[in-house]
Amino acid sequence: MNSEPCFVGNSEMAVLSDPRQLSEKLKNVQQEVALSKKQRLQLLFCTMSAKHTGYKTLKLICDTQLGILTQGQWGREQAQDQYMTNLALKINSKLGGSNVQLPLDALPRVRGAPFMFIGADVNHPPPGDMESPSIAAVVASTNGGCNKYVSRIRAQPHRCEVVQHLGDICMELIGVFEKQNKVKPQRIIYFRDGVSDGQFDMVLNEELADMEKAIKVDGNAPTITVIVAKKRHHTRFFPKDNEPQTRNGNVRPGTVVDTVVVDPSAYDFFLCSHDGVHGTSRPTRYYSLFDEHGFGSDDLQKLVYNLCFVFVRRCRWRRPSTNYADLAAYRGRLYYEASKASGSSSSSGSSAAAAASDVGRPQSADSIGRRLRWITSGEAAASAAVGGGVVVAGAAAAEDTAAAEAAVEAPPAEDSTAVAAAEEEEGGTGVTKGEDTAGATKGRGLAGADTGPAMASTAEAEEEEEDEGDTVIMDKEEATAEEVAVATKGLPEAAIKGLPEAAVTALVGVPLPQAPDGLAAGTRGGGGGTPEYALVRAPEARAAVAPKDKEGPSSSGSVERIDSSALAIVEPSASSLVATSSAGTRVPMRRPDRGGSSCQASVKLLVNHFIVNYRQASTIFHYDININPDQASSKASGKELSKAEFLSVKDELFKDSSFRRLSSCVAYDGGRNLFTSAELPGGTFRVRVRSRTYIVSVELKRQMPLSQLSELPVPREVLQGLDVIVREASRWRKIILGKGFYSPDKSIDITQGVVALKGTQQTLKHTQQGLILCVDYSVMPFYKAGPVLDVVEKLVRRLDYRTTLQKRQWEDLVYELKGRRVTVIHRRTNQKYIVQGLTDLPASKITFVDAESGQTRRLVDYFAQQYDKTIAYQMLPCLDLSKSKDKPNYVPIEFCNFLEGQRYPKANLDKYSDRTLKQHALIPALKRREEIQDLVNAADGPCRGEIAQQFGISLDVQMTEVMGRILPPPDLKLGGSNGNPCKFSIDQDKNCQWNLVRKRLVEGRALQCWGILDFSAGPSHPKQEPLHRPMFINKIVAKCCELGIQMNSKPCFVHLSEMEVFYDPHRLHEELTKAKQAAESKRQRLQLLFCPMSDQHPGYKTLKLICETQLGIMTQCFLSNIANKQQGQDQYMTNLALKINGKLGGSNVQLFDPLPRVSDVPFMFIGADVNHPSPGNVESPSIAAVVASMNLGANKYVPRIRAQPHRCEVIQQLGEMCLELIGVFEKLNKVKPQRIIYFRDGVSDGQFDMVLNEELADMEKAIKVKGYAPTITVIVAKKRHHTRLFPKDENQLQTRNGNVPPGTVVDTGVVDPSAYDFYLCSHNGLLGTSRPTHYYSLVDEHGFGSDDLQKLIYNLCFVFARCTKPVSLATPVYYADLAAYRGRLYYEAGMASQTTRRGGSSSSGSSSGGGFEVGNFPRLHKDLEDNMFFI
């Protein structure tokens, strides 16, 4: 925020009483800033000395006429820090910033596709007003964080409850969503506020029908769920006896009740999502009226509860989208009342009154646009920084007062009316039908529209009294003592005192988790996603509270069976849910034959698949085990249980006599699934583990006979169950990471404090050979277990009792330790802690207040007296192991040890350590095969121990054998020495590689205008060498001319620069612009710019962004030290020449023979891939890329790159991109392709349905128009698997380092029996063991047999432009991967550039939001968009 306001002006409170004078004053301010400061006014502070009804007129003028964002405040000094925090939250939101966000995994059932939350409400005039219109408001979310909303406000007939223009409004809002995200929402959740049970039919058959009619057009058919939120009811919850509760006796936030007291014929539940401070909390009652997303109770309750956390004005719970709709509707009411007051106060018709007279539909000024003028900004602004703040002081007043209870101004008379109404409703007198009293309080003229209607409805009035005021932003002004006395008079606690217990329905409401993990503050993402958790239905009152004597700590624990009748749960009937249609109709095709037969030679192979033996007559019992804290226990908390707690409770349960004999028959997934080889005693149990008590229900879900493994396809639940069992039988003495099992006994020191552990990656699958376990060799770096003091000693080198840390050493140690898991050794415990940081003070200076004595004690004295431990290194800081800020836990470093099994980030390894790790990980094929065999045969190998015996499963210890075929390499077309194309046959004995000695490229392009922008001329470090330019120019010109690229012998220009330029995007842009202008000054177009660099620099990304999206310059970057080397110089220059010719549009190599099944008509190969952000990044978009071939030689491709929502795998704009690419094809070839082969990379087996029924459907819908109907084949390429192929013995064909030869294909034995798939190793693996690519054909309209399909794909691996050998992936897929990665570079460059402009620093790996979002992702420059710039 700019430290100096652009303008400070004084005015008088009397101006608020004169609309004309107020309008002129505001216009003058706006004009003065615009003229004198040459800036656009971003925010106007309006300070008032008292509440004034003219506030409404101010909002009307600023919001609808002038387009000024305003922030009012009341001049008072108390609670300054909290007050400023509250103001800052509101300011950031109004400017389009993001205060808090939800991670995608906090939104069940809607993530995975673009979604929108819509909230709607109608504000009616107060009773007695027979003329004023009702005000309808609709708001909609526009981002994945669910915290930016856009509003539409309309007036409609007096007391008309149906939202009359809902369809039109939703169309507008979807248009805004599409403009920002380049895609329409596919899933819509419609929240409706303020309707009674009798109006549900109106919502469904009028509002929903109007919405669907308006938006479901032109093939757009989003799925919709309709939810009604009701606050106007009289149901209250009271904690019974010793049940957990808030400080003032209310139920805890997150308490949900969906049994007994709910409607037996509806889908409803009560949710108390907030902390009621004053009075008795009123839960919100939610009804699901219509559901096309298939929400179960758990998912729906989780969704609604999580949405209560993103209300922008506070750090606490709130109702979801309906609350914004309520605020927007109330702002519309202010507009009407202001216009009405202005009209009556000025008979001459002032400008304000005249403008306000159009009360039917006030329009907002363009500069405010669609922002949420009623509180927050719904659209992301370019920057949340305030550059043009203005202060207008009257005396001081409260529009946005935000002290202890935060601010909303109201005219005194109306405010007291609101409080009285709240009191009257609470007491049950006066107002008898809440649904019909909306106007009684919604219409009162409270001047707090910036913070929302403080008492916008009778229900809202009470909620504001309940909400706590010690955090951030409430919606009520700071209450006086008299107001509190009035508001708390006759509260329900007093009302129910003395009533018999039977008079109150006794319910135990189970609190939801305190907040969704991973809630992202501001615009920076939290650390990773959140685990799924399920809400627990509220059971009826328990028969008895757990005895106190069982609450104490105990190492043994206990198990007690509970009468299930005390925990009866009423399930919603099936008829209460709206049936949903299936996701699609296409399914992957089956294999059309028995595999291929064409080959150059056969080879016997071993595959790292091991047969799993099982008793076919066996049955697996699948149980649902539900573990929850016992709410009757005094130790119960609202926190979500950890996986460790789940495991400890399960273990304790199986110590009970009724379960003990079955403990070795159980495999547990750490969540809700339990698989056993024998039946368990089902029921509900109270399990005590140490001092905590849990309620555990065990219910049989299904029986799964293993005879089902002979069915095709094998039921997924059977494979999932067996996978859990095999994992359980493989975990003995192992560290488990995902699918990896690592043995601490097999460690390798790779650097100080880091070891590499050997282990396996395991995958259970069903193949033609039956049930197999794929076991692969793996090496993973881990932190060493042991004393934390070792790390300190490594840092300071010499450690003794006098050792202290310098500031830099302290920072380095924090970086090294933060987030690591430790245990303590000064007392006996198995408890584990996470290091939060270091103390600022050394141990000798740390003191604390003893909770028992109240005296201040020194930490060193405490350890000496309490544990008889002397702290030897008192000058070192302590580890901060606190689990919460209010309970600090500081432990001296010498008493802490690192836990075993903590993964070390590979990116943090230095060059030596990285080289050491690769030496052990990338081992030759024969060595890898031996390692796998040793790991499988080891005593602690997979499928070992009693669990495997109980389930009757075992593992063959020999790899399976299959017969592979070696496909013949294709003949290539190259340029002869005379310039004419010639046939070139590849030698299989040379591993299918070829060289270009005495040969030319098929089509060499002319390179006349090229230049050099030499960044290496100013190296980053003295040891770095600049480019030897004369030598480089001579070598590259000679090589290009030799290969048939007619390259001008002299560059058009040579500019010298320095590596320092890369740190400043603005300077870099200037340098590149000068280079382009240097060519233009000679009346030439710059064809290629060489950019030598002295080292690898993150600024490379910015260079590519500027050149390829802004300036249209084709660049070739390279490292000066590599170009200067004499050794390998010829090969290096050849590789550069290949890339140069490809970028210029030339053709390096082509297939000599036509491709099977496609070459007789125009055809196109399309490759597609999605690049996702790194793990832990929760905000950055995913990048989708699609490339398409443009010529008969299938070696010239055109890309299209788009951003899409975070981690969205489905390519959302595939149809649009394919349509563009077909247009380019038609422009070049004068005909459209009649046959299309669509290659898709990077999807799992479970996403095949998505590829067929979403991506393929989108493509067909876009391109199959006006009689154009090309045939399509869909092929998926997978590299992320663990299957390896090994020559059986030394007599088999193999490469020099023992890998299978290029062209090795396997399509029998180890493939999927119900799919059309095969493995193809098309490349020569030079380092480590070759990984074959696993190809699946999902749809085939060309009739490819196995031989033709395998030949097609293998041949496409030979036309990759950058090398003279076959690559591991079919070229369309490889290019799509490169293009998607180039898009990722653009995003990271834009993010880094924006950080630089703000004066900060950032690494490209940051997960914070940056320069580009989905909606404004840069498009390729028109000069480059149809070229292969990305190779």
Side-chain angles (χ1 to χ4, degrees), residues 1-8 26 29-30 33 37 39-48 55 58-59 62-63 66-76 79-101 143 145 147-151 310-316 318 324 327-328 331 364-365 367-393 396-403 406-409 447-452 471-475 477 521-524 1398 1409:
M1 182 173 181
N2 197 334
S3 59
E4 295 291 335
C6 294
F7 169 87
V8 177
L26 292 166
V29 171
Q30 189 180 42
V33 173
K37 304 295 183 180
Q39 296 186 45
R40 180 180 66 82
L41 179 58
Q42 290 180 271
L43 185 69
L44 178 67
F45 285 98
C46 299
T47 308
M48 296 176 282
Y55 162 89
L58 182 145
K59 288 295 182 183
C62 291
D63 290 356
L66 302 180
I68 301 176
L69 277 177
T70 55
Q71 178 63 50
Q73 72 258 18
W74 189 2
R76 59 180 178 183
Q80 269 297 306
D81 184 71
Q82 185 64 60
Y83 177 66
M84 292 303 172
T85 300
N86 296 342
L87 282 185
L89 285 175
K90 296 178 67 180
I91 290 167
N92 186 54
S93 299
K94 290 182 178 183
L95 293 173
S98 177
N99 294 347
V100 66
Q101 289 186 354
N143 70 328
N147 63 345
K148 295 184 180 181
Y149 283 75
V150 173
S151 68
V310 289
F311 188 66
V312 298
R313 292 188 339 214
R314 63 180 61 195
C315 295
R316 290 182 293 110
R318 198 63 176 161
Y324 284 152
L327 295 178
R331 178 57 63 90
S364 301
S367 62
I368 289 188
R370 294 171 297 274
R371 287 180 183 160
L372 306 185
R373 295 163 298 281
W374 26 276
I375 167 60
T376 95
S377 168
E379 292 185 292
S383 170
V386 181
V390 180
V391 178
V392 175
E399 174 227 89
D400 302 307
T401 306
V408 180
E409 330 83 293
D450 257 2
T451 54
T471 53
V472 182
I473 302 296
M474 276 182 54
D475 299 325
E477 78 218 65
T523 57
R524 182 175 296 278
R1398 290 182 178 178

Measure the [atom1]-[atom2] distance between [X] and [Y] for me, rounded to the nearest 0.5 Å.
{"X": "Asn147", "Y": "Tyr324", "atom1": "CG", "atom2": "OH", "result": "7.0 Å"}
{"X": "Lys94", "Y": "Leu87", "atom1": "NZ", "atom2": "CG", "result": "9.0 Å"}
{"X": "Asn99", "Y": "Lys90", "atom1": "CG", "atom2": "NZ", "result": "11.5 Å"}
{"X": "Asn86", "Y": "Asp81", "atom1": "CG", "atom2": "CG", "result": "9.5 Å"}

If you define the side chain from C-beta out and look only at heavy atoms, does anything of [X] sit under 4.5 Å from [Y]?
{"X": "Arg40", "Y": "Val33", "value": "no"}
{"X": "Leu327", "Y": "Phe311", "value": "yes"}
{"X": "Ile91", "Y": "Phe45", "value": "yes"}
{"X": "Gln71", "Y": "Leu44", "value": "no"}
{"X": "Thr70", "Y": "Leu58", "value": "yes"}
{"X": "Leu69", "Y": "Gln42", "value": "no"}
{"X": "Leu41", "Y": "Cys6", "value": "no"}

> Does the side chain of Ser98 come under 3.5 Å of the side chain of Lys148 through a donor N or O and an acceptor N or O?
Replying inline: no
> How far apart are the closest heavy atoms of Asp63 and Ile68, and which atoms are they?
Replying inline: OD1-O, 4.1 Å
>> Which heavy atom of Val310 sits nearest to which heavy atom of Gln101, and what is that distance?
In response: CG1-C, 4.2 Å
